[in-house]
Amino acid sequence: MPNRERRKYSYTPLAEAVMRVGQKVNFYGVVAEYEQPKPTRGRDLLCTMTVIDMSYNSPGLRVLFFAPEVDMMPRVRDLGDVIRFHRIQMKSHLGAPQATGNPNMGSSFAVLRGCEGGDYVPYHDSSRSGCTVEASDRNIVGLLRTWASSHPIDTLAGTSKYMKQIKDVNVDSYFDVCCKILFVSEQGAENNAVMYVWDGTDASPACLDPSDQSESGDPGQELWSAKQLAVPVDVMRGFPALGTVLPLDPSGMADDDFGPQLPVAGDWVKLRNIGCRVRKGLYEGVLHHGSKIGILSPSAQAVQNCERAYEERLASDALRLPQWCPQPPQSILVTGYDHVKVSALREVLTYPEVTYKFRCMVRVMATWPSDVLDFCVPKDDGAAQPRDHLEQGDFVFAVRLTLEDPTARLHVFLYGEDAVEFFVGCPAANLRHQGHTVGVLKRKVDRLLGVTEHGPRNPPWVTCCLKSYYLDKDHPRETRRYRVFGTRFPG
DNA sequence: TTTTGGGG
């Protein structure tokens, strides 16, 4: 544009910018923290970030950028990327400098990759006609890239007094968590997405929330027997084998039309200021208006720590066990296959072969039927006769157990001879005529379910063997079922 | 035009 005078911008080092409270400034910076656009109580969306440069490396400058639409605010892909702002307002908040931008007051931005040797074309900018990058701009960007390559930006990310791992979450307080997004589902008529997040650790067994009580007379069994996660098995197959997958409800962050800008599967994020609740005996993360979704680089220390710890877990027989089961593990159930590696229930659920055998460390959350009186049913060939005319030998155990470990819940069947072996000394019978057997069964089942005189149930960790099978050989995966075998409850 | 949120 030789015949038009080009506006010349001067860029202020951050150390100087923070001295110019009340003025509008232009600056370049390296993004050290970035939180996704989210709704505000006002008309605009807000995205926040911390930028640094060689003059102002720590703690960096907080930038708040408001805009009515997501596309009008900087969409930073990775920490360490370079950002340029024009006409951004310097302010002070509680003694700390901060900058606010808003297209309404003429603010504009351009974001470029942060890696050395990268090009000088912004991958996102606010100008309709494309923004200008001159030789002086390339110089600044190059200097920042070189400087950033020798200054890990990671020091800020992943540390706060609120930081928790998934194994330590509880309903009592708000917290932060660094985690990987495994899956984001659209579901329900409200089109509410659910995010499923993971950090390689195991959530503790949740106490049944009093507000989570079922209204039926059944003491909570129905809740406990609910299957987990509305995640298709094919999706779950892509999940890591171990570690809790925590569902996260972002709807509390929404404001009328806008939800938060959600990350996608595979991203690592730092969730800030989130809560937790218990639904059907399982933890669920909850975002609220004050929550934030910050991005993390795969190279971030927090991410590396998660991945390294997880690799260690995978490789160690002892660390593979649920993190909340007693060490060394003890079990009131006995299996004959103690040398066999323990599988997590997610591995059982996603195993590629449909007929297979596993050993698991689980808790028995519920039985169905819930009354041991109904544990035995007439065999098929006797079903036509009145129940009272049947011989004892005409009955068979048919019980469904809900098993839980930190990775999944699973319905398994305890049937026939496997059940007779399991209950040791309690043959199948018309239990309505077998008071003694019923008493023995009831005591065993109560111990399995962790029933106590008063207070919430707390099922003990037990080892058990499972085998998978199918009902229809033409559709083995669709009709896969699981049975307990090779497992005894002596005493 | 000047909010919103501003780490808790």
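Every chain is numbered from 1 and lettered A, B, ... according to where its sequence line falls, protein lines coming before strand lines.
When the side-chain nitrogen and oxygen atoms of A:Arg272 are compared with OP1 and OP2 of B:dG8, none of them lie within a distance under 4.0 Å. Taking side-chain N and O atoms only, A:His289 has a distance below 4.0 Å to OP1 or OP2 of B:dG5. Put simply, A:Lys270 has no side-chain N or O that comes within less than 4.0 Å of OP1 or OP2 on B:dG7.
Nearest nucleotide to the side chain of A:Asp176, out of B:dG7, B:dG5, B:dG8: B:dG8.
Side-chain atoms of A:Tyr174 and base atoms of B:dG8 include no donor and acceptor less than 3.5 Å apart. Judged by distance alone, with hydrogens and angles left aside, A:Asn102 brings no side-chain donor or acceptor close enough to the base of B:dT2 to form a pair under 3.5 Å.
Sorted by first and then second residue, the ring pair (Phe, Tyr, Trp, His ring centres under 6.0 Å) pairs with a member in residues 37-56 of chain A form an empty list; sequence neighbours excluded.
To the nearest angstrom, P of B:dG5 lies 13 Å from CD of A:Gln98. As rounded to whole Å, 15 Å separates atom C1' of B:dG5 from atom CD of A:Gln89. When the C1' atom of B:dT4 is taken as reference, atom NZ of A:Lys292 falls 13 Å away, rounded to whole Å. Distance, A:Lys91 NZ to B:dT4 P: 10 Å, rounded to whole Å. Separating the CD1 atom of A:Ile274 from the P atom of B:dG8 is a distance of 17 Å, rounded to the nearest angstrom.
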What donor-acceptor contacts under 3.5 angstrom involve side-chain atoms of residues 70-79 of chain A, with partners at least two apart or in another chain?
residue : atom : partner  : partner atom : Å
A:Asp78 : OD2  : A:Arg113 : NH2          : 2.7

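Checked against A:Thr50 for a side-chain hydrogen bond (donor to acceptor under 3.5 Å, both in side chains), the options A:Gln98, A:Arg62, A:Glu35 give a single hit: A:Arg62.
Taking the six-membered ring where the residue is Trp, the centroids of A:Tyr351 and A:Phe358 are separated by under 6.0 Å.
Mapped onto DNA chain B by nearest heavy atom, A:Ser92 and A:Asn104 fall at different nucleotides, with A:Asn104 at the one closer to the 5' end.
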